[in-house]
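Written below as structure tokens is the structure these notes are about.
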Amino acid sequence: MSYNRHYGVGRRKSYRDDYDERLGREVYETPEQRLRTTVIRFGEVDADQEVPKVARELREQNASAPGIPAISEGFRIGVTEEPYKIPHYAALLRALDEAAEETPDTMLGKQVLDDFWKGFQVFLDKLAWREVRLCVHFFAHLTSAQVISAASMLSLLQSFTAVLDEFGVSHSRAKNAALCAAEGLMRAGPELKKQSPSEVSAIITAIQTYAEMSSGSKLLASPLVRLHSESDVFEGAAEILDSALEVLKVLDGSEFSDSTSSFVHPYTTKLEDFAPFFDLPSVLVPPEVIELESLTDGAEDNAQVPKNEEWPEYRIRLFDNDVSANPVSPLGYAVNTLLSDVIDIFEVNRKECARILLEIPKWLPSGTFKARPGVPSEDGAASGPAWQLESCVMECILAKLLVLPRATHKSVYYIALITELCKLQPSTAGPAVGKSIRKLYNYLGDGLDVEAGHRFAEWFATHMSNFGFAWVWKEWIPDLSLTNHHPKRNFMRRAIEIEIRLALPAPMKPHHDAAQSVLHLLRGRAKTEDINAHIETLRNNLAETTEGDVHVDSVIRAITIQSLLHIGSRSFSHFLNAIERYLPVLRALATGVDAKADILQAAAEFWRRNPQMVRIVFDKLMQYQIVDPSDVIGWAFAPPAGGEGAKIDTFRWEIIEGALDKANGRVVVARKKVSALRKEEDDSRAREKASGNMEVTDDAAEEAPAVDSPALTTALKACSTLTREQRAVLSRTLNEFVNVLGGAGSVLAESAWFNRVNWSNADWGAWDTWGWYRNFCRMYAPYLRSYSTALGTVAFVKIEGSTDPAPALLKRVWNVSTGQEA
């Protein structure tokens, strides 16, 4: 969506729209702007009644000042940014020529459609899939309106299904192409079925064949988890491509008769002998653009980092089919798709998005949603599912928030959008939010993915803080009797932690006098040399006076780190200043793997009541290269104090995620620097050749090989070093997961799952760790695929021959995420 809202797209016109406060005078539109604005603002009051009036205005304005490109641009903006108006735009375009007696070559509608097609081709060349799909919706409605020929529409849809047969096609590309074909067929199905039943069946078969091929990856993408099952069907979650396929089968079985009741058709049916006046040109979907870094220091370094869209897209269900839109019914699929598109398009303006979502019923068939109390229905006799609007909207927003491995937008957008809905319609949106929270809470312990549960906790805590913590807290009192590591107990702790963000540093009780002496020097901003000398004196004194099995160096590190953190605990800026001032002291302490582990442990103990600060301190220690990401991974997998075995919970996963992102981010930055330097050198050589400074003869000797500049050589070495570090971090993370889960097969059996009410803390800890292992594999799959053979060979050799079910699942998850298994 354009950040320039195109003269008021999606909002009612105000008298202030034509007044520029900066200039203090009226702003007059050019004829082209007036044509474009007329199209964009079409339908803001009553689209059906506006069609003949707007069509007449466009004809008259175009006659006085020809502006076909401006009109078609208005249609492109309206179709791709106001998808709820698409059927009415089809009616408007057809109406441009209904009252005119012109030849096909001079018909205004045909000229507009010719220019519109050029814009569609631009979208296709850029692989702007949402815009392409919405344009296909427009073409499908024009086919139903007998403007576009059914044969050319079929050819267009077949060009998308041809993508599914490409060798090695990515899931993202195939899914988007399949949805373009499927959703176009849903809307134009009756005409296309009359044209060629066999070709319609072939389109459905092509989509089904691809959907069946990608069943393996569905095991890692669903927000509901069954570790004991290989089934890709999850009660309570619907995969979008599977839903589209089921809808097509339903429509095909009824000869597409349900299509007329599922989509708005604001255009009247024409005579049987009326011939469409537009044939869509033939088109080929361009190949994906693969961006590779121009590195020469190894094949693995040339590996691309694909987008994180290579997973099936599951949408969690929160309500029954009689409450919210059924995703496998034609009307339900259409509603969910429209809501999803509006949410994505209006991401730049959440307030406008909330308003449009609540007004969406006027753009859908009568009876789709339950009428609001006191609001008269336009068609009281209309039959339909009468779904609850707010429940549908809430389910769609939360389903998009919980998409795995990553949501399309940042979580804060979805959270803020729900807040705006509650402000606009508190009496109806509030209960929908409450029902959604209860449903998701009940999913905890019944298989809700750990990452989805993590996002749910963040949304719940933020929403509560926005609305005065108004919740029926006593509902959860019975769950306090559950085991300490039960997902519901984890959720309560996490939500409260986010709410209060305790920031109470732990007091330094052991070796108080020694700590006070270090603290005094730090407060006095003593020189680095004085600090190091004092630390050495303390080390000698403690070695002489300490009795028992005490590691003096570990004590010294704990005293120094916690004293430094105490100085920086007043604010974030105090913390950064303290770290930067005494970097030499920290580097002197971090002399080995054990020393770095001590530093991390001291920081974690100091901020043990504030996990958020632990993550911040660890991040800064990595940023200043006091510790390495591999050291942080090792700390996260270290068994906690108290004799419990190693397990990964939400807090430790966030630590792991921070370390992985740091290592991966450094490589990305280094590769961009190498690419920029190499391009700069290539451009410089090209300019030298073009300037004529280099003589060219027929018998010229072979050119000397180009020598990299010192800056490029340094950048290549740095990139190579960081790439090795990235590989080491990924390898250590995988190895640690294998070490922890290699014998954790007790929770994998079906009988164990159905007996989870009796699980112990260790069982729930193992289940959580399995969940975070799955999240690691799917979230970092783009990086893991680059080193899949080397990493997998080293990690899994230790569990070869084991009869426990855990090794088999470890390998299965790994193979699916790295593309070695479908």
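Quantities reported herein were computed from a predicted structural model and do not represent experimental measurements.
Between Phe460 and Trp473, a ring centre-to-centre spacing shorter than 6.0 Å is recorded.
Taking the six-membered ring for Trp and thresholds of 30 and 60 degrees, His463 and Trp459 have ring planes inclined between 30 and 60 degrees apart.
Put simply, the side chain of Ile567 reaches to within 4.5 Å of the side chain of Leu519, judged on heavy atoms. Counting heavy atoms from C-beta outward, Leu448 and Ile316 have side chains that approach closer than 4.5 Å. The closest side-chain heavy-atom distance from Ile535 to Val585 is below 4.5 Å. Side chains of Asp598 and Asp553 form no contact here, defined as non-hydrogen atoms less than 4.5 Å apart. In this structure, Glu657 and Tyr780 have side chains that are in contact, with non-hydrogen atoms separated by less than 4.5 Å. Arg226 places a side-chain heavy atom less than 4.5 Å from the side chain of Trp753.
Not counting sequence neighbours, the partners of Ser571 by the side chain to side chain donor-acceptor pair (under 3.5 Å) test are Ser573, His574. For Arg666, the side chain to side chain donor-acceptor pair (under 3.5 Å) partners are Glu725, not counting sequence neighbours. The salt bridge (charged side-chain N to carboxylate O under 4.0 Å, His left out) test applied to Asp619 returns Lys662, not counting sequence neighbours. The salt bridge (charged side-chain N to carboxylate O under 4.0 Å, His left out) test applied to Arg489 returns no partner, not counting sequence neighbours. Applying the side-chain contact (heavy atoms from CB on, under 4.5 Å) rule to Ser788 yields the partners Trp814, Thr818, Gln820; only residues at least two apart in sequence or on another chain are considered.
In this structure a side-chain-to-backbone donor-acceptor pair under 3.5 Å is present from Arg455 to Leu401. No donor-acceptor pair closer than 3.5 Å links the side chain of Tyr787 to the backbone N or O of Ser731.
Closest heavy-atom contact between Arg756 and Trp764: O-CZ2, 3.8 Å. Scanning both residues, Ser817 and Arg785, for their nearest heavy atoms gives O-NE, 3.0 Å. Minimum heavy-atom separation, Ala221 to Pro312: CB-O, 3.3 Å. Across every non-hydrogen atom of Ser340 and Cys396, the tightest pair is N-SG, 3.7 Å.
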Between Tyr582 and Thr560, is a side chain to side chain contact (heavy atoms under 4.5 Å, CB included) present by the stated rule, with each step listed?
-> CA-CA 11 Å; Tyr582 293 111; Thr560 307; over 6 Å; no
Under the side chain to side chain contact (heavy atoms under 4.5 Å, CB included) criterion, do Phe456 and Tyr443 qualify, and how do the steps go?
-> CA-CA 11 Å; Phe456 169 40; Tyr443 276 141; over 6 Å; no
Does the salt bridge (Lys or Arg N to Asp or Glu O under 4.0 Å) test come out yes or no for Arg608 and Glu605, once each step is laid out?
-> CA-CA 5 Å; Arg608 64 176 180 268; Glu605 288 179 356; over 6 Å; no
Hey, mind stepping through Phe575 and Ile579 against side chain to side chain contact (heavy atoms under 4.5 Å, CB included) and telling me if it holds?
-> CA-CA 6 Å; Phe575 165 66; Ile579 291 291; 3.5 Å; yes
Full working for side chain to side chain contact (heavy atoms under 4.5 Å, CB included) between Val740 and Lys647 = CA-CA 7 Å; Val740 173; Lys647 66 178 181 65; 5.7 Å; no
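Atom CD of residue Glu451 and atom OG1 of residue Thr650 lie 8.5 Å apart, to the nearest 0.5 angstrom. Here CG of Leu809 is found 6.0 Å from CG of Leu227. Values are rounded to the nearest 0.5 Å. The distance from atom SG of Cys353 to atom CG of Asp344, rounded to the nearest 0.5 Å, is 9.0 Å. Rounded to the nearest 0.5 Å, atoms CD (Glu736) and CZ (Phe776) are 11.0 Å apart.
Within a 6.0 Å sphere centred on NZ of Lys410, heavy atoms belonging to other residues, nucleotides or ligands number 12 at most. Dense packing is recorded around CG of Asn739, with more than 12 heavy atoms of other residues, nucleotides or ligands lying under 6.0 Å away.
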Please set out all donor-acceptor pairs under 3.5 angstrom arising from side-chain atoms of residues 629-638, sequence neighbours excluded.
residue, atom, partner, partner atom, Å
Asp631, OD2, Asp628, N, 2.9
Trp635, NE1, Gln601, OE1, 2.8

